[in-house]
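For reference, the structure discussed in these notes is given below.
Quick note: residue numbers are just sequence positions, from 1. Order of appearance sets the numbers: ligands from 1, and atoms from 1 within every ligand. Since the model is a prediction, treat every value here as computed from it, not as a measurement.
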Amino acid sequence: MTDHREFESEMLRTALRQLDHVAQKLGVDPDVHERLRHPRRALVVSIPIRMDNGKTGVFTGYRVHHNTVLGPTKGGLRYAPDVNLGEVTALAMLMSWKCALMGLPYGGAKGGVRCNPRQLSRTELEHLTRRYTAEIILLIGPDLDIPAPDLGTDEQVMAWMMDTYSMTQGRTVPGVVTGKPLLIGGSAGRREATGRGIVYVLYQAARMLGEEIRGRKVAVQGFGNVGSVAARLLWREGAIIAGISDLGGGIWNPRGIDVAQLERHVAEAGTVVGFPDTDRLTNQEILEQACDIVIPAAVASQIREDNADRVKAHIVVEGANGPTTLEADAILRDRGVTVVPDVLANAGGVVVSYFEWVQGLQYYFWRESEITARLQEVMTRAFNRVWGVATKEGTDLRTAALMEGIRRVAEGYKIRGLYP
Ligand code: GLU
(Lines give C-alpha, C1' and ligand atoms only; values in the text may rest on other atoms or scores of the structure.)
Protein backbone atom coordinates (compact mmCIF):
# COMPACT_ATOMS: atom_id res chain seq x y z
CA MET A 1 0.00 0.00 0.00
CA THR A 2 2.76 2.46 0.91
CA ASP A 3 4.35 1.64 -2.47
CA HIS A 4 1.45 3.39 -4.20
CA ARG A 5 2.09 6.83 -5.65
CA GLU A 6 -0.59 8.45 -3.45
CA PHE A 7 1.68 7.87 -0.46
CA GLU A 8 4.68 9.62 -2.04
CA SER A 9 6.28 11.81 0.64
CA GLU A 10 9.74 12.52 2.00
CA MET A 11 8.51 12.02 5.54
CA LEU A 12 7.15 8.55 4.80
CA ARG A 13 10.34 7.54 3.01
CA THR A 14 12.26 8.58 6.13
CA ALA A 15 9.87 6.71 8.46
CA LEU A 16 10.19 3.56 6.32
CA ARG A 17 13.98 3.77 6.21
CA GLN A 18 14.03 4.07 9.99
CA LEU A 19 11.67 1.11 10.32
CA ASP A 20 13.72 -1.04 7.93
CA HIS A 21 16.95 -0.21 9.76
CA VAL A 22 15.52 -0.99 13.20
CA ALA A 23 13.59 -4.09 12.09
CA GLN A 24 16.80 -5.51 10.69
CA LYS A 25 18.67 -4.69 13.88
CA LEU A 26 15.96 -6.38 15.96
CA GLY A 27 15.73 -9.36 13.63
CA VAL A 28 11.97 -8.85 13.16
CA ASP A 29 10.30 -11.71 11.28
CA PRO A 30 10.19 -10.60 7.58
CA ASP A 31 6.43 -11.29 7.35
CA VAL A 32 5.74 -9.08 10.36
CA HIS A 33 8.17 -6.45 9.05
CA GLU A 34 6.23 -6.31 5.79
CA ARG A 35 2.97 -5.76 7.70
CA LEU A 36 4.55 -2.95 9.75
CA ARG A 37 5.46 -1.07 6.53
CA HIS A 38 1.79 -0.65 5.57
CA PRO A 39 -0.98 1.27 7.30
CA ARG A 40 -3.99 -0.84 8.22
CA ARG A 41 -6.37 1.65 6.59
CA ALA A 42 -6.30 5.13 5.13
CA LEU A 43 -9.26 7.34 4.31
CA VAL A 44 -9.19 10.39 2.05
CA VAL A 45 -12.23 12.67 2.17
CA SER A 46 -13.47 15.83 0.48
CA ILE A 47 -14.73 18.44 2.89
CA PRO A 48 -17.08 20.94 1.25
CA ILE A 49 -17.94 23.91 3.45
CA ARG A 50 -19.80 27.16 3.08
CA MET A 51 -17.22 29.96 3.25
CA ASP A 52 -18.01 33.35 4.80
CA ASN A 53 -18.32 34.90 1.32
CA GLY A 54 -21.19 32.53 0.50
CA LYS A 55 -19.16 30.35 -1.88
CA THR A 56 -18.38 26.66 -1.31
CA GLY A 57 -14.79 25.74 -0.51
CA VAL A 58 -13.68 22.12 -0.86
CA PHE A 59 -10.80 20.89 1.29
CA THR A 60 -9.06 17.52 1.43
CA GLY A 61 -8.80 15.54 4.65
CA TYR A 62 -7.14 12.31 5.75
CA ARG A 63 -7.32 9.82 8.59
CA VAL A 64 -4.86 6.94 8.69
CA HIS A 65 -4.79 4.01 11.13
CA HIS A 66 -1.35 2.46 11.10
CA ASN A 67 -2.08 -0.60 13.22
CA THR A 68 -4.52 -1.79 15.85
CA VAL A 69 -2.50 -4.61 17.31
CA LEU A 70 -2.18 -3.22 20.85
CA GLY A 71 -5.58 -1.52 21.03
CA PRO A 72 -7.63 1.25 19.42
CA THR A 73 -5.68 3.82 17.44
CA LYS A 74 -4.60 7.17 18.82
CA GLY A 75 -3.08 10.26 17.28
CA GLY A 76 -3.47 13.93 16.53
CA LEU A 77 -5.19 15.89 13.80
CA ARG A 78 -3.22 18.59 11.99
CA TYR A 79 -4.41 21.50 9.92
CA ALA A 80 -1.61 22.60 7.60
CA PRO A 81 -1.32 23.91 4.02
CA ASP A 82 1.02 21.16 2.81
CA VAL A 83 -0.25 18.08 4.65
CA ASN A 84 -0.68 15.01 2.42
CA LEU A 85 -1.49 11.31 2.65
CA GLY A 86 2.16 10.22 2.86
CA GLU A 87 2.95 12.63 5.69
CA VAL A 88 -0.14 11.59 7.66
CA THR A 89 0.79 7.93 7.15
CA ALA A 90 4.35 8.55 8.37
CA LEU A 91 3.04 10.37 11.42
CA ALA A 92 0.55 7.54 12.12
CA MET A 93 3.45 5.09 11.98
CA LEU A 94 5.45 7.24 14.42
CA MET A 95 2.43 7.28 16.75
CA SER A 96 2.48 3.45 16.73
CA TRP A 97 6.09 3.38 17.91
CA LYS A 98 5.47 6.22 20.38
CA CYS A 99 2.43 4.61 22.04
CA ALA A 100 4.14 1.21 22.21
CA LEU A 101 7.32 2.71 23.64
CA MET A 102 5.34 4.52 26.35
CA GLY A 103 3.43 1.33 27.21
CA LEU A 104 0.03 2.71 26.15
CA PRO A 105 -2.67 0.29 24.93
CA TYR A 106 -2.96 1.98 21.53
CA GLY A 107 -2.04 1.63 17.91
CA GLY A 108 -0.96 4.69 15.94
CA ALA A 109 -3.15 7.00 13.86
CA LYS A 110 -3.01 10.52 12.45
CA GLY A 111 -5.33 12.88 10.67
CA GLY A 112 -4.87 15.97 8.59
CA VAL A 113 -6.77 18.58 6.64
CA ARG A 114 -4.94 20.52 3.93
CA CYS A 115 -5.76 24.13 4.78
CA ASN A 116 -4.22 27.22 6.30
CA PRO A 117 -6.09 27.59 9.61
CA ARG A 118 -4.80 31.17 10.00
CA GLN A 119 -6.63 32.19 6.85
CA LEU A 120 -9.97 30.72 7.95
CA SER A 121 -12.49 32.51 10.14
CA ARG A 122 -13.73 30.85 13.32
CA THR A 123 -17.02 29.97 11.60
CA GLU A 124 -15.19 28.43 8.66
CA LEU A 125 -12.94 26.44 11.02
CA GLU A 126 -15.99 25.13 12.84
CA HIS A 127 -17.71 24.10 9.58
CA LEU A 128 -14.49 22.46 8.38
CA THR A 129 -14.03 20.53 11.62
CA ARG A 130 -17.62 19.36 11.82
CA ARG A 131 -17.80 18.23 8.21
CA TYR A 132 -14.41 16.50 8.46
CA THR A 133 -15.63 14.70 11.59
CA ALA A 134 -18.80 13.63 9.81
CA GLU A 135 -16.78 12.34 6.84
CA ILE A 136 -14.48 10.17 8.99
CA ILE A 137 -17.12 9.20 11.53
CA LEU A 138 -17.00 5.52 10.62
CA LEU A 139 -13.33 5.43 11.58
CA ILE A 140 -13.47 7.14 15.00
CA GLY A 141 -14.91 6.25 18.39
CA PRO A 142 -13.77 5.76 21.98
CA ASP A 143 -12.80 2.14 21.38
CA LEU A 144 -11.87 2.54 17.72
CA ASP A 145 -9.74 5.64 17.09
CA ILE A 146 -9.32 8.69 19.32
CA PRO A 147 -8.10 11.95 17.71
CA ALA A 148 -6.31 14.72 19.63
CA PRO A 149 -4.80 18.14 18.84
CA ASP A 150 -1.65 18.51 16.74
CA LEU A 151 -0.21 21.32 14.59
CA GLY A 152 -2.87 23.92 13.80
CA THR A 153 -5.64 22.40 15.96
CA ASP A 154 -6.55 23.02 19.59
CA GLU A 155 -9.06 22.39 22.40
CA GLN A 156 -11.83 24.18 20.52
CA VAL A 157 -11.39 21.96 17.47
CA MET A 158 -11.60 18.91 19.77
CA ALA A 159 -14.79 20.29 21.36
CA TRP A 160 -16.41 20.60 17.90
CA MET A 161 -15.33 17.07 16.99
CA MET A 162 -16.68 15.68 20.25
CA ASP A 163 -19.95 17.54 19.79
CA THR A 164 -20.39 16.42 16.18
CA TYR A 165 -19.73 12.78 17.04
CA SER A 166 -21.98 12.98 20.11
CA MET A 167 -24.85 14.47 18.09
CA THR A 168 -24.82 11.52 15.70
CA GLN A 169 -24.89 9.12 18.67
CA GLY A 170 -27.67 10.97 20.51
CA ARG A 171 -25.56 11.07 23.69
CA THR A 172 -22.39 12.73 24.92
CA VAL A 173 -19.31 10.64 24.21
CA PRO A 174 -16.31 12.31 25.89
CA GLY A 175 -13.93 9.44 25.09
CA VAL A 176 -14.00 10.03 21.30
CA VAL A 177 -11.30 12.72 21.41
CA THR A 178 -8.70 13.91 23.91
CA GLY A 179 -7.26 17.37 24.43
CA LYS A 180 -10.78 18.72 25.07
CA PRO A 181 -11.56 21.77 27.22
CA LEU A 182 -11.67 20.90 30.93
CA LEU A 183 -15.36 21.69 31.34
CA ILE A 184 -16.52 19.06 28.85
CA GLY A 185 -14.33 16.17 29.97
CA GLY A 186 -10.79 17.35 29.33
CA SER A 187 -8.01 16.45 31.70
CA ALA A 188 -6.17 18.71 34.07
CA GLY A 189 -2.64 19.13 32.78
CA ARG A 190 -3.30 17.98 29.19
CA ARG A 191 -2.47 21.36 27.69
CA GLU A 192 0.89 21.49 29.46
CA ALA A 193 1.63 17.77 29.06
CA THR A 194 3.93 17.80 26.03
CA GLY A 195 6.05 20.70 27.31
CA ARG A 196 6.18 19.18 30.76
CA GLY A 197 7.22 15.80 29.39
CA ILE A 198 10.07 17.48 27.52
CA VAL A 199 11.35 18.93 30.76
CA TYR A 200 11.20 15.54 32.51
CA VAL A 201 13.23 13.77 29.82
CA LEU A 202 15.66 16.68 29.63
CA TYR A 203 16.24 16.34 33.36
CA GLN A 204 16.97 12.66 32.96
CA ALA A 205 19.30 13.28 30.01
CA ALA A 206 21.20 15.93 31.97
CA ARG A 207 21.46 13.62 34.96
CA MET A 208 22.90 10.83 32.83
CA LEU A 209 25.40 13.27 31.33
CA GLY A 210 26.32 14.51 34.82
CA GLU A 211 24.99 18.02 34.23
CA GLU A 212 22.54 20.45 35.80
CA ILE A 213 19.74 22.36 34.06
CA ARG A 214 20.13 25.44 36.25
CA GLY A 215 22.31 28.04 34.52
CA ARG A 216 22.27 26.19 31.17
CA LYS A 217 21.60 28.20 28.04
CA VAL A 218 18.53 27.04 26.10
CA ALA A 219 17.14 27.93 22.65
CA VAL A 220 13.54 27.03 21.83
CA GLN A 221 12.24 26.99 18.26
CA GLY A 222 8.46 27.43 18.39
CA PHE A 223 6.34 29.20 20.98
CA GLY A 224 3.13 27.20 20.57
CA ASN A 225 1.63 24.73 23.00
CA VAL A 226 4.87 22.76 23.27
CA GLY A 227 7.66 25.36 23.11
CA SER A 228 6.02 27.94 25.35
CA VAL A 229 5.33 25.48 28.18
CA ALA A 230 8.80 23.92 27.99
CA ALA A 231 10.39 27.40 28.00
CA ARG A 232 8.33 28.57 30.97
CA LEU A 233 9.03 25.48 33.07
CA LEU A 234 12.77 25.49 32.29
CA TRP A 235 12.98 29.22 33.03
CA ARG A 236 11.32 28.59 36.40
CA GLU A 237 13.90 25.90 37.08
CA GLY A 238 16.69 28.40 36.57
CA ALA A 239 17.71 27.67 32.98
CA ILE A 240 18.70 30.68 30.87
CA ILE A 241 16.20 30.92 28.04
CA ALA A 242 18.48 32.71 25.57
CA GLY A 243 16.39 32.41 22.42
CA ILE A 244 12.84 31.74 21.31
CA SER A 245 11.18 31.90 17.91
CA ASP A 246 7.74 31.62 16.37
CA LEU A 247 6.25 32.08 12.91
CA GLY A 248 7.20 35.78 12.99
CA GLY A 249 10.92 35.08 13.63
CA GLY A 250 13.27 34.68 16.57
CA ILE A 251 14.61 36.73 19.48
CA TRP A 252 17.92 36.32 21.29
CA ASN A 253 19.42 37.56 24.54
CA PRO A 254 22.34 35.51 25.88
CA ARG A 255 21.68 36.82 29.40
CA GLY A 256 18.23 35.25 29.36
CA ILE A 257 14.63 36.15 28.52
CA ASP A 258 11.96 36.62 31.21
CA VAL A 259 9.41 34.09 29.91
CA ALA A 260 6.50 35.41 32.02
CA GLN A 261 7.00 38.89 30.54
CA LEU A 262 7.42 37.39 27.09
CA GLU A 263 4.06 35.63 27.43
CA ARG A 264 2.42 38.98 28.17
CA HIS A 265 4.18 40.50 25.15
CA VAL A 266 2.98 37.65 22.90
CA ALA A 267 -0.60 38.02 24.20
CA GLU A 268 -0.55 41.64 22.98
CA ALA A 269 1.74 41.59 19.94
CA GLY A 270 0.84 38.11 18.65
CA THR A 271 4.54 37.23 18.22
CA VAL A 272 7.73 37.00 20.25
CA VAL A 273 9.35 39.50 17.86
CA GLY A 274 9.82 42.98 19.28
CA PHE A 275 10.39 41.84 22.87
CA PRO A 276 12.65 44.43 24.58
CA ASP A 277 16.43 43.86 24.95
CA THR A 278 16.62 41.11 22.36
CA ASP A 279 18.32 40.76 18.98
CA ARG A 280 16.26 39.66 16.04
CA LEU A 281 17.09 36.27 14.50
CA THR A 282 15.49 34.00 11.96
CA ASN A 283 13.85 30.70 12.83
CA GLN A 284 16.90 28.91 11.44
CA GLU A 285 19.47 31.05 13.25
CA ILE A 286 17.85 30.24 16.58
CA LEU A 287 19.04 26.63 16.16
CA GLU A 288 22.62 27.67 15.47
CA GLN A 289 23.42 30.01 18.36
CA ALA A 290 25.96 29.29 21.09
CA CYS A 291 23.95 27.45 23.76
CA ASP A 292 23.79 24.13 25.63
CA ILE A 293 20.33 22.85 24.79
CA VAL A 294 18.18 23.26 21.67
CA ILE A 295 14.49 22.37 21.65
CA PRO A 296 13.04 22.30 18.11
CA ALA A 297 9.32 22.51 18.93
CA ALA A 298 7.85 23.84 15.70
CA VAL A 299 7.61 21.84 12.47
CA ALA A 300 9.43 18.99 10.71
CA SER A 301 12.84 19.00 8.94
CA GLN A 302 14.41 21.96 10.74
CA ILE A 303 17.82 20.38 11.43
CA ARG A 304 19.07 19.18 8.06
CA GLU A 305 22.25 18.14 6.32
CA ASP A 306 22.99 21.78 5.46
CA ASN A 307 22.80 23.19 9.00
CA ALA A 308 23.43 20.24 11.38
CA ASP A 309 27.12 21.17 11.53
CA ARG A 310 26.24 24.60 12.84
CA VAL A 311 24.13 23.37 15.79
CA LYS A 312 26.31 24.24 18.77
CA ALA A 313 24.20 22.77 21.57
CA HIS A 314 25.25 19.37 22.86
CA ILE A 315 21.71 18.33 23.80
CA VAL A 316 18.78 18.43 21.35
CA VAL A 317 15.31 17.58 22.65
CA GLU A 318 12.77 17.09 19.85
CA GLY A 319 9.51 18.77 20.81
CA ALA A 320 8.15 18.62 17.25
CA ASN A 321 7.56 15.43 15.28
CA GLY A 322 10.42 14.77 12.84
CA PRO A 323 12.41 18.02 13.28
CA THR A 324 15.73 16.29 12.40
CA THR A 325 16.29 14.64 9.01
CA LEU A 326 18.06 11.28 8.79
CA GLU A 327 21.19 12.90 7.32
CA ALA A 328 21.31 15.52 10.07
CA ASP A 329 20.79 12.83 12.67
CA ALA A 330 23.95 11.06 11.50
CA ILE A 331 25.93 14.32 11.61
CA LEU A 332 24.78 15.11 15.15
CA ARG A 333 25.55 11.56 16.25
CA ASP A 334 29.08 11.74 14.83
CA ARG A 335 29.61 15.05 16.61
CA GLY A 336 28.58 13.50 19.94
CA VAL A 337 25.38 15.53 20.33
CA THR A 338 22.77 13.80 22.53
CA VAL A 339 19.44 13.83 20.66
CA VAL A 340 16.37 12.90 22.70
CA PRO A 341 14.07 11.76 19.84
CA ASP A 342 10.50 12.90 19.20
CA VAL A 343 8.85 9.52 19.95
CA LEU A 344 10.19 9.81 23.49
CA ALA A 345 10.64 13.55 24.08
CA ASN A 346 7.19 14.75 22.99
CA ALA A 347 5.25 11.69 24.22
CA GLY A 348 3.95 13.57 27.28
CA GLY A 349 1.01 14.74 25.16
CA VAL A 350 -0.27 11.32 24.26
CA VAL A 351 0.46 9.98 27.75
CA VAL A 352 -1.87 12.55 29.32
CA SER A 353 -4.28 11.95 26.42
CA TYR A 354 -4.36 8.36 27.65
CA PHE A 355 -5.09 9.62 31.19
CA GLU A 356 -7.87 11.83 29.78
CA TRP A 357 -9.39 8.90 27.88
CA VAL A 358 -9.30 6.65 30.95
CA GLN A 359 -10.86 9.39 33.11
CA GLY A 360 -13.57 9.96 30.46
CA LEU A 361 -14.41 6.26 30.23
CA GLN A 362 -14.76 6.08 34.02
CA TYR A 363 -16.37 9.51 34.53
CA TYR A 364 -13.90 9.96 37.35
CA PHE A 365 -11.39 12.80 37.19
CA TRP A 366 -8.01 13.12 38.87
CA ARG A 367 -6.28 16.11 40.42
CA GLU A 368 -3.57 17.87 38.41
CA SER A 369 -0.91 16.91 40.97
CA GLU A 370 -1.80 13.26 40.46
CA ILE A 371 -1.57 13.61 36.68
CA THR A 372 1.76 15.41 36.85
CA ALA A 373 3.22 12.78 39.17
CA ARG A 374 2.04 9.92 36.93
CA LEU A 375 3.35 11.71 33.83
CA GLN A 376 6.75 12.17 35.43
CA GLU A 377 6.87 8.52 36.36
CA VAL A 378 5.95 7.32 32.84
CA MET A 379 8.40 9.71 31.12
CA THR A 380 11.26 8.90 33.47
CA ARG A 381 10.72 5.16 33.20
CA ALA A 382 10.59 5.32 29.40
CA PHE A 383 13.71 7.49 29.26
CA ASN A 384 15.64 5.11 31.49
CA ARG A 385 14.54 2.12 29.43
CA VAL A 386 15.67 3.82 26.23
CA TRP A 387 18.95 4.89 27.81
CA GLY A 388 19.50 1.30 28.95
CA VAL A 389 18.89 -0.11 25.45
CA ALA A 390 21.17 2.55 23.90
CA THR A 391 23.95 1.66 26.31
CA LYS A 392 23.52 -2.08 25.88
CA GLU A 393 23.26 -1.98 22.09
CA GLY A 394 25.75 0.84 21.59
CA THR A 395 23.24 2.94 19.64
CA ASP A 396 21.97 6.51 19.76
CA LEU A 397 18.76 7.28 21.68
CA ARG A 398 16.58 7.44 18.55
CA THR A 399 17.52 3.95 17.42
CA ALA A 400 17.05 2.67 20.98
CA ALA A 401 13.61 4.32 21.33
CA LEU A 402 12.46 2.97 17.96
CA MET A 403 13.81 -0.46 18.87
CA GLU A 404 11.69 -0.48 22.03
CA GLY A 405 8.56 0.75 20.25
CA ILE A 406 8.86 -1.39 17.13
CA ARG A 407 9.78 -4.51 19.13
CA ARG A 408 6.55 -4.29 21.11
CA VAL A 409 4.35 -3.80 18.03
CA ALA A 410 6.16 -6.63 16.22
CA GLU A 411 5.68 -8.94 19.21
CA GLY A 412 2.00 -7.99 19.29
CA TYR A 413 1.64 -9.07 15.65
CA LYS A 414 3.46 -12.31 16.39
CA ILE A 415 1.22 -13.16 19.36
CA ARG A 416 -2.03 -12.25 17.60
CA GLY A 417 -1.07 -14.00 14.35
CA LEU A 418 -2.51 -13.44 10.88
CA TYR A 419 -6.26 -13.44 10.25
CA PRO A 420 -7.86 -15.60 8.84
N1 GLU B 1 -0.40 15.12 18.48
C2 GLU B 1 0.31 14.60 19.61
C3 GLU B 1 1.45 13.70 19.18
O4 GLU B 1 1.98 13.81 18.10
C5 GLU B 1 -0.62 13.98 20.64
C6 GLU B 1 -1.44 12.84 20.15
C7 GLU B 1 -2.50 12.39 21.15
O8 GLU B 1 -2.58 12.95 22.23
O9 GLU B 1 -3.24 11.45 20.80
O10 GLU B 1 1.92 12.89 19.94
Side-chain angles (χ1 to χ4, degrees), residues 11 15 62-68 70-80 83 87-113 117 139-155 157-158 161-162 174-181 185-187 189-198 201 222 224-227 229-230 296-300 317-323 340-360 371 375 378-379 382 401-402 405:
M11 210 163 180
Y62 311 94
R63 187 74 191 169
V64 177
H65 297 175
H66 175 254
N67 83 88
T68 53
L70 303 180
T73 49
K74 186 87 192 80
L77 164 65
R78 60 172 53 182
Y79 286 174
V83 72
E87 176 182 319
V88 173
T89 305
L91 291 164
M93 194 179 275
L94 279 182
M95 285 308 298
S96 288
W97 318 146
K98 190 186 298 188
C99 291
L101 165 66
M102 303 313 287
L104 307 178
Y106 292 135
K110 203 82 177 193
V113 176
L139 289 198
I140 60 172
D143 50 9
L144 176 59
D145 175 32
I146 308 110
D150 198 79
L151 265 184
T153 59
D154 58 13
E155 290 185 349
V157 170
M158 292 305 116
M161 287 191 89
M162 186 271 235
V176 67
V177 291
T178 60
K180 300 179 290 295
S187 174
R190 173 62 184 88
R191 197 183 300 159
E192 297 79 14
T194 313
R196 203 168 259 155
I198 284 173
V201 293
N225 179 43
V226 182
V229 174
V299 291
V317 187
E318 295 185 334
N321 284 317
V340 187
D342 48 9
V343 284
L344 172 62
N346 70 28
V350 72
V351 169
V352 177
S353 271
Y354 167 62
F355 297 160
E356 178 175 333
W357 180 70
V358 169
Q359 292 171 86
I371 286 165
L375 172 64
V378 174
M379 296 303 295
L402 291 173

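- For the residue pair Thr89/Lys110, the side-chain donor-acceptor check at 3.5 Å is not satisfied.
- With sequence neighbours left out, Asn321 forms a side-chain hydrogen bond (donor to acceptor under 3.5 Å, both in side chains) with Lys98, Asn346.
- The one candidate from Ser187, Cys99, Pro105 that meets the side chain to side chain contact (heavy atoms under 4.5 Å, CB included) condition with Tyr354 is Pro105.
- Sorted by chain and number, the residues within 4.0 Å of ligand 1 by heavy atom are Lys74, Gly75, Gly76, Met95, Lys98, Lys110, Ala148, Pro149, Asp150, Arg190, Asn321, Gly349, Val350, Ser353.
- By the side chain to side chain contact (heavy atoms under 4.5 Å, CB included) test, Ala300 is found to be paired with Met11, residues two or more places apart in sequence or in another chain being considered.
- Remark: the Arg190 side chain and the Ser353 side chain contain an N/O donor-acceptor pair separated by less than 3.5 Å.
- Scanning for side-chain hydrogen bond (donor to acceptor under 3.5 Å, both in side chains) contacts around Arg63 gives Asp145, with sequence neighbours left out.
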